[in-house]
Student: 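This structure is in structure tokens; I'll ask about it shortly.
Atom set for the values below is all heavy atoms of this structure, side chains included, hydrogens, waters and symmetry mates excluded. Here the structure is a predicted model, which means the values were calculated and not measured. Positions are given from 1 along the sequence.
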Amino acid sequence: MKKQFNRMKQLANQTVGRKVFAKDLFLVFSHAQIERRMELVRVVSHNTHKRMVSCLQGHIGADAEKRHKKLPLTTLSQAMVEGGNQLGEDSLMGKMMEVCGEAENRLASELMLHELQIEKEVLDPLSQLAEVDIPNILKQRKQLAKLVLDYDSARARWLQATKSIISGTNTQALTAKADLLKEEVDEAMNKVELCKDQLAADMYSFFSKEGDYARYFVMLLEAQADYHRKSLTVLESVLPAIQAQQDSWTEKPAFGTGLDEHLKRSGREIALPLEACVMMLLETGMKEEGLFRIAAGASKLKKLKAALDCSTSQLEEFYSDPHAVAGALKSYLRELPEPLMTYHLYDEWIQASRQDPDKRLQALWVVCDQLPKNNKTNLRYLVKFLARLAQDSEVNKMTPSNISIVLGPNLLWAKTEGSLAEMAAATSVHVVAIVEPIIQHADWFFPDDVEFNVSGMFAMPTPASNHNNHLDYDCGTIEKKRPGSMVGPESDSVRKDNLS
């Protein structure tokens, strides 16, 4: 900086062969400051332009069509559309890829227009400033230095010629030569003055336009905001349609999906895994010892769950492995986001299980009657099946008590539970006290017969008669008759218990 200042001071001293006044020095200092600022702006603008270009995905200088074709979003769009066409309309992925591909193509168009705008309104002006405007001003600075040297050289020759006139003999010739050199000095001085004035005008013009140059960055952010708004509009116009397709697709996993969502999506009354497993067990598993208690092979269980998630009807190979089927049924119940007997009624179930034996059944019925419709329908379906399973307990060793021990924790658990082992230890006694009497008195809790093959998808085995425990059900009151086995000595006389 000091060296540059000294050069400017020397130039000022040389410029017109006259004394430099304080005002001229002020101008020299101002020019030096502006020159430093210009060089800094040139470097910063050049670096910013370079980095900004690297952020663009299109080819700089290309026309709109060519630029659009080369965008990564465009090639992604083409790949998605082609993939969707290959998968076809019957594939959810195919439909999704086609819709997404069209959306990506629209986003690519918005990006192409955005980059063209950035190139025109920001990149080109920055490039013009850094590579043309400022270098031209700096070239004028060098040109001024050259003109000053030319002026100094001409003036030195003129001074030498005037000295020669005094000491020389050919006065007329020397005078003529001096006059020519004086004209050369004057011409050189005029060139210096013109160049100096032009340089000063350009420098001050640059200084006064810095606000305009700063405006480029405001335009950059405005263009980016506009681009993102338009891109968001594209996405918001597509998302509802693609989400509707997703929601309408029935081929979704049943395991881990909420009961209401699964039933609504599939148009079923009974959950598919529940019906499929019950139908297979009715066919080949009712005499199997330790059903629900003996663990199945992990690979077979995994395969069955995957098949049920695909809603396939090709389940023949699993009929021969009732333990895998029972394991899949337990897994479905356990993987429900909310237990079949609900979190909402958990405290009520536990309180009912703590009632005296002569009041417990009535209390359990009251809670059962509060279950949501879908939960109650599916619990009724399952309990009816478990009651039938218990009829063969002499063979399969699965009494209502044993069934409630192994299956109960999959029907009801606390929302704030820890591990499965902790949950089992904390609630197993209460769960058994809840589930066992419901299985024992299934026809009392759910008087109507159940059509296990509710969807008609399966071959129904010959049903066993099970009407021994049917008792009257009074639909017009919240009172229910208790089964004789729970009445004790007064079992011969039917009586009603009031909830009060």
Side-chain angles (χ1 to χ4, degrees), residues 252-266 268-282 291-292 305 308-309 325-353 363-390 398 400 402-417 420 423-424 426-446 448 450-452 454-455:
K252 290 185 180 180
F255 286 80
T257 301
L259 179 64
D260 290 339
E261 181 183 352
H262 168 63
L263 297 179
K264 180 180 179 180
R265 189 177 61 227
S266 59
R268 300 179 60 85
E269 180 183 1
I270 302 299
L272 174 62
L274 195 59
E275 181 185 359
C277 291
V278 164
M279 291 305 299
M280 286 189 283
L281 292 175
L282 285 171
L291 196 67
F292 292 108
K305 290 173 64 177
L308 292 172
D309 268 340
V325 177
L329 177 54
K330 287 174 64 177
S331 292
Y332 172 72
L333 294 171
R334 182 61 203 173
E335 292 176 22
L336 286 171
E338 181 178 11
L340 188 60
M341 298 173 77
T342 74
Y343 289 132
H344 177 67
L345 295 174
Y346 178 81
D347 291 338
E348 284 80 351
W349 284 118
I350 298 301
Q351 290 176 5
S353 70
L364 290 174
W365 178 84
V366 171
V367 181
C368 185
D369 197 49
Q370 298 177 48
L371 282 170
K373 180 181 178 181
N374 288 334
N375 296 70
K376 188 174 182 180
T377 300
N378 281 262
L379 179 64
R380 170 178 173 269
Y381 183 92
L382 177 62
V383 167
K384 287 285 194 175
F385 162 73
L386 296 176
R388 179 172 294 188
L389 177 67
M398 296 306 294
N402 289 338
I403 294 173
S404 63
I405 290 173
V406 296
L407 204 59
N410 299 286
L411 292 171
L412 181 64
W413 61 87
K415 189 173 185 179
T416 57
E417 67 173 284
L420 182 61
M423 180 276 296
T427 64
S428 59
V429 174
H430 297 298
V431 170
V432 170
I434 295 167
V435 177
E436 181 181 358
I438 294 178
I439 296 174
Q440 285 177 334
H441 307 292
D443 290 336
W444 181 77
F445 278 92
F446 308 107
D448 299 331
V450 168
E451 173 58 57
F452 290 111
V454 64
S455 67

Student: Could you pull out all residues at least two apart from Asn402 that satisfy side chain to side chain donor-acceptor pair (under 3.5 Å)?
Tutor: Thr399
Student: Where the side chain of Tyr381 meets the backbone of Phe452, is there a donor-acceptor pair that is under 3.5 Å apart?
Tutor: yes
Student: Going by distance alone, is a donor N or O of one side chain under 3.5 Å from an acceptor N or O of the other, for Tyr346 and Trp413?
Tutor: no
Student: Measure the shortest side-chain to side-chain distance between Gln370 and Val366 over non-hydrogen atoms and say whether it is less than 4.5 angstrom.
Tutor: yes
Student: In the structure I gave you, are the side-chain heavy atoms of Phe445 and Leu379 within less than 4.5 Å of one another anywhere?
Tutor: no
Student: Taking the basic N atoms (NZ, or NE/NH1/NH2) and the acidic carboxylate oxygens, is any pair closer than 4.0 Å for Glu338 and Lys415?
Tutor: no
Student: Would you give the length of the straight line joining atom CG of Leu329 to atom CZ of Arg334, rounded to the nearest 0.5 angstrom?
Tutor: 14.0 Å
Student: Does one side chain, of Glu269 or Thr377, offer a donor that lies under 3.5 Å from an acceptor on the other?
Tutor: no
Student: Is there a side-chain contact between Val431 and Leu411, using heavy atoms and a 4.5 Å cut-off?
Tutor: no
Student: What heavy-atom pair brings Ala254 and Tyr332 nearest, and what distance separates the two atoms?
Tutor: O-CE1, 3.6 Å
Student: Starting at CG of Leu364, measure out to CD of Gln351 and round the result to the nearest 0.5 Å.
Tutor: 12.0 Å
Student: Could you state the interatomic distance from CG (Leu291) to CD1 (Ile403), rounded to the nearest 0.5 Å?
Tutor: 8.5 Å
Student: Testing the basics here: between Asn375 and Thr342, what is the closest heavy-atom pair and its distance to 0.1 Å?
Tutor: ND2-CG2, 3.6 Å
Student: Do Glu335 and Lys305 have side chains that approach each other closer than 4.5 Å (heavy atoms only, starting at C-beta)?
Tutor: yes
Student: If you take all heavy atoms of Pro400 and Gln440, which pair is closest and at what distance?
Tutor: CB-CG, 3.7 Å
Student: Between CD1 of Ile434 and SG of Cys368, what distance do you get to the nearest 0.5 Å?
Tutor: 11.0 Å
Student: Using a 4.5 Å cut-off on heavy atoms from C-beta on, say whether the side chain of Leu382 contacts that of Leu333.
Tutor: yes
Student: Look at the side chain of Lys264 and the backbone N and O of Leu259, then say whether any donor-acceptor pair between them is shorter than 3.5 Å.
Tutor: no
Student: When you compare the side chain of Phe385 with that of Leu274, does any pair of heavy atoms fall below 4.5 Å?
Tutor: no
Student: Would you say the side chain of Arg380 lies within less than 4.5 Å of the side chain of Asp448, judging by non-hydrogen atoms?
Tutor: yes
Student: Compare every heavy atom of Pro437 with every heavy atom of Val432, then report the nearest pair and how far apart it is.
Tutor: O-CD, 3.8 Å
Student: Just by modelled atom types, is the Val406 backbone N or O under 3.5 Å from a matching donor or acceptor in the Asn410 side chain?
Tutor: yes
Student: Going from CZ on Arg268 to CG on Leu263, what distance comes out if it is rounded to the nearest 0.5 angstrom?
Tutor: 8.5 Å
Student: Would you compute the distance between atom CG of Leu282 and atom CZ of Arg388 and round it to the nearest 0.5 angstrom?
Tutor: 6.0 Å
Student: How far apart are the closest heavy atoms of Val435 and Gly408, and which atoms are they?
Tutor: CG2-CA, 4.0 Å
Student: Can you check whether Glu436's main-chain N or O pairs, donor with acceptor, with His441's side chain at less than 3.5 Å?
Tutor: no
Student: How close do Leu308 and Ala276 get, heavy atom to heavy atom, and via which atoms?
Tutor: CD2-CB, 3.6 Å
Student: Quick one: side chain to side chain donor-acceptor pair (under 3.5 Å) partners of Asn378, sequence neighbours excluded?
Tutor: none
Student: How about Ile438 and Trp365: do any of their side-chain heavy atoms sit closer than 4.5 Å?
Tutor: no
